[in-house]
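Keep in mind it's a predicted model, so treat the numbers as computed, not measured.
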Amino acid sequence: MSFTWPLDPQDLFVERYPQMTLGLPVDEVDAVRAAVTEMWPDRPGGWVYEWSALAARHAEAGRHRLAAQAYGWAKFPSLADDPKRTALARQVEQYALAAPGFPVEFERRTLTVPYRGGEATLPIHLIAAPGLPADAPVVLASGGVDSWKTDLHGMWEQLAFALPARLLLFDLAGTGETAHLPMTPDGGAEVIAGLVSFARAAGNGKVGHFGISMGGYYSARSGLTGAVDASVVLGGPVERSFAPGRGFAFGMDGIVGNALGFDAMPSTAEREEAFAAFDLRPLLDQDANGPMLVVNGTEDVHVPLDDTLVFEGRRDTRVELIPDTGHCAISRFGEAMAVIAPWLKDTLIG
């Protein structure tokens with residue numbers, strides 16, 4: 001199920017420009033920004049059309065990594081219609097063509113995990129610094145509702161070189177290549193539990209979980225329940241984000257509605273009913289957590305500051321707020337990684 005919704009594409013450029021220019025040349029992003037006049041139609045001036053045109057030029061020139069990045073923005077922010085789903089398929093194709101040139105060890109696999117009394121399959125990526133021993137720890141890692149495993153490859157490479165651990169990259173239920181499973185608190189957590197089980201057997205038994213944005217919601221669950229040996233929550237919503245009456249910015253209401261499995265924009269009552277089940281207060285009231293690191297920017301427009309500060313004072317928990325930056329500290333991401341990578345290394349390796 002999916003739906004489109006009224007959305008000014010220029011609003012997305014305002015918010016995501018720093019993220020766009022992490023993986024693509026500034027002049028190319030600026031050219032697409034100038035050309036885009038509407039969000040959903042697949043025609044000149046349309047978001048998916050203009051980003052796909054840039055991606056096709058890179059693909060034809062053999063620049064497959066850049067093509068994958070551009071197709072990633074073409075399918076952004078949600079798989080709301082067929083052109084977006086086509087863009088995702090082309091992104092995966094170009095990413096696979098780029099893989100032999102990655103400076104890291106890379107493997108794409110399909111895993112089957114327990115899900116709601118049956119099984120679910122999902123593609124994962126395993127990456128590591130060259131020569132990493134097979135018996136190294138494994139760190140699960142994911143983005144959120146609109147930035148997925150393939151989109152964030154540059155970040156994962158950086159982390160792989162900083163850690164003596166193998167990264168297991170996946171898309172959350174309701175997103176990316178796992179969009180066939182609706183995003184629910186328990187269903188999404190069940191998929192991750194299956195990945196944790198695989199990771200424990202695949203490495204030396206130690207497992208970390210690094211979640212970004214909505215991925216941070218699930219890494220917070222993993223940490224609060226003690227299901228993993230180290231949990232990093234970067235910009236994760238945990239409690240106040242799901243409270244009645246909260247607003248959304250930059251099209252996030254439609255992005256979240258699609259991830260939750262609605263086939264039309266949910267009403268306020270429908271959204272609040274769905275959100276109520278995500279509230280992690282019952283787990284926050286317990287004392288079962290493993291080691292946790294919780295990080296965000298002080299100026300986040302999506303996740304209230306309280307969802308980071310609520311972790312202050314907990315046992316085995318470190319909280320870091322990065323000033324003068326927003327959701328997931330994206331404009332000062334180097335500072336966030338300078339905290340995250342050493343903490344993961346020390347916690348998993350000692």
Quick one: does Thr178's side chain have a donor or acceptor within less than 3.5 Å of a partner on Asp171's backbone?
-> yes

Does any N or O in the side chain of Glu177 come within less than 3.5 Å of the main-chain N or O of Phe170, such that one atom is a donor and the other an acceptor?
-> no

For the residue pair Gln69 and Met20, establish whether any side-chain heavy-atom pair is separated by less than 4.5 Å.
-> no

Given side chain to side chain contact (heavy atoms under 4.5 Å, CB included), test Trp343 with Val232 step by step and report yes or no.
-> CA-CA 9 Å; Trp343 183 88; Val232 177; 3.7 Å; yes

Once you round to the nearest 0.5 Å, how far does CG of Leu234 lie from CE of Met337?
-> 9.0 Å

Between His209 (side chain) and Arg221 (backbone), is there a donor-acceptor pair under 3.5 Å?
-> no

Side chain to side chain donor-acceptor pair (under 3.5 Å) partners for Asp151, two or more places apart | Lys75, Gln91

Would you indicate whether the side-chain heavy atoms of Ser222 and Phe210 approach each other to under 4.5 Å?
-> no

Lys149 and Pro123: which non-hydrogen atoms are nearest, and at how many Å?
-> CE-O, 3.8 Å

Tyr217 side chain reached by Pro185 side chain, heavy atoms, under 4.5 Å | yes

Rounded to the nearest 0.5 Å, what separation is found between the CG atom of Leu122 and the OG1 atom of Thr110?
-> 8.0 Å

Decide yes or no for Leu224 and Arg314: does some side-chain heavy atom of the first lie under 4.5 Å from some side-chain heavy atom of the second?
-> yes

Min side-chain heavy-atom separation Leu195-Val207 under 4.5 Å | no

Taking all non-hydrogen atoms of both residues into account, name the closest pair between Ser2 and Asn258 and its distance.
-> CA-OD1, 3.2 Å

Verify, without hydrogens or angle tests, whether Ser197 (side chain) and Gly194 (backbone) share a donor-acceptor contact under 3.5 angstrom.
-> no

Applying side chain to side chain contact (heavy atoms under 4.5 Å, CB included), run through Arg281 and Phe242 and close with a yes or a no.
-> CA-CA 11 Å; Arg281 172 46 55 186; Phe242 307 116; over 6 Å; no

Identify, with sequence neighbours excluded, every residue that meets side chain to side chain contact (heavy atoms under 4.5 Å, CB included) alongside Asp287.
-> Asn289, Arg315

Check: Pro323 main-chain N/O paired with Arg332 side-chain donor or acceptor under 3.5 Å = yes

Is it true that Arg85 and Asp82 have a side-chain N and a carboxylate O under 4.0 angstrom from each other?
-> yes

Consider only side-chain heavy atoms of I, L, V, M, F, W and Y, link residues closer than 4.5 Å, and tell whether Leu22 and Leu159 are in one cluster.
-> yes

Following the transitive rule for hydrophobic clusters with a side-chain heavy-atom cut-off under 4.5 Å over Ile, Leu, Val, Met, Phe, Trp and Tyr, establish whether Ile322 and Leu305 coincide in one cluster.
-> no

State plainly whether the residues Asp307 and Arg240 are in salt-bridge range, i.e. N to O under 4.0 Å.
-> no

Could you verify whether a donor N or O on one side chain and an acceptor N or O on the other, from Gln94 and His58, lie under 3.5 Å apart?
-> no

Verify side chain to side chain contact (heavy atoms under 4.5 Å, CB included) between Asp146 and Arg16, making sure each step is shown before the conclusion.
-> CA-CA 11 Å; Asp146 57 31; Arg16 299 304 177 110; 2.7 Å; yes

Tyr218: partners by side chain to side chain donor-acceptor pair (under 3.5 Å), with sequence neighbours left out = none

Return a table of donor-acceptor pairs under 3.5 angstrom between the side chains of residues 131-144 and protein atoms on other chains or two or more places apart.
none

Report the distance from atom NE2 of His125 to atom CZ of Phe102, rounding to the nearest 0.5 Å.
-> 8.5 Å

With the side chain counted from C-beta on, respond yes when Val29 and Trp73 share a heavy-atom pair under 4.5 Å apart, and no when they do not.
-> no

For residues Arg65 and Pro103, report the shortest heavy-atom separation together with the two atoms involved.
-> NH1-CD, 4.2 Å

Arg63 and Glu28 ion-paired at < 4.0 Å = no

For side chain to side chain contact (heavy atoms under 4.5 Å, CB included), just list the numbers for Trp47 and Leu7, CA-CA rounded to whole Å, side-chain angles, deciding distance to a tenth of an Å, and then say yes or no.
-> CA-CA 11 Å; Trp47 178 281; Leu7 183 59; over 6 Å; no

Under a single-linkage definition using a 4.5 Å side-chain heavy-atom cutoff for Ile, Leu, Val, Met, Phe, Trp and Tyr, are Leu181 and Phe3 assigned to the same hydrophobic cluster?
-> yes

Going by heavy atoms in the side chains, are Glu320 and Ile340 under 4.5 Å from each other?
-> no

Would you say the side-chain atoms of Arg116 and Thr184 include a donor-acceptor pair closer than 3.5 Å?
-> yes

Connected via hydrophobic side-chain network under 4.5 Å: Tyr71 and Leu12 | no

Any Val196 side-chain heavy atom under 4.5 Å of Arg200 side chain = yes

Taking Glu50 for its side chain and Gly45 for its backbone only, find out whether a donor-acceptor pair lies under 3.5 Å.
-> yes

Are the aromatic rings of Phe76 and Trp148 close, with centres under 6.0 Å apart?
-> no

Would a hydrophobic clustering, with Ile, Leu, Val, Met, Phe, Trp and Tyr connected at side-chain separations under 4.5 Å, put Val145 with Val191?
-> yes

Which atoms form the tightest heavy-atom contact between Pro41 and Val48, and what is the distance?
-> O-CG1, 4.3 Å

Indicate the atoms forming the closest heavy-atom contact of Gly254 with Trp5, along with that distance.
-> CA-CE2, 3.4 Å

Only pairs under 3.5 Å count here: list side-chain donor-acceptor contacts from residues 291-300, not counting sequence neighbours, and write none if there are none.
| unit_1 | atom_1 | unit_2 | atom_2 | d |
| --- | --- | --- | --- | --- |
| Asn296 | OD1 | Cys328 | N | 2.9 |
| Asn296 | ND2 | Asp300 | OD2 | 2.8 |
| Thr298 | OG1 | Asp324 | N | 3.2 |
| Asp300 | OD1 | His302 | N | 2.7 |
| Asp300 | OD1 | Val303 | N | 3.1 |
| Asp300 | OD1 | His327 | ND1 | 3.2 |
| Asp300 | OD2 | His327 | ND1 | 2.6 |

Around Glu270, counting heavy atoms of other residues, nucleotides and ligands shown, do more than 12 lie under 6.0 Å from its CD?
-> yes

Excluding sequence neighbours, so at least two apart, what forms side chain to side chain contact (heavy atoms under 4.5 Å, CB included) with Tyr49?
-> Asp42, Pro44

Can we say Arg166 and Glu107 salt-bridge, meaning some charged N sits less than 4.0 Å from an Asp/Glu carboxylate O?
-> no

Gap separating the CG atom of Leu126 from the CG atom of Leu169, nearest 0.5 angstrom = 7.5 Å

Leu344 CG to Leu167 CG distance, which is reported to the nearest 0.5 Å = 9.0 Å

Looking only at non-hydrogen atoms, find the nearest pair between Pro77 and Met39 and report the distance.
-> CD-CE, 3.7 Å

Just how far is it from atom CD of Glu38 to atom CZ of Arg43, taken to the nearest 0.5 Å?
-> 4.0 Å

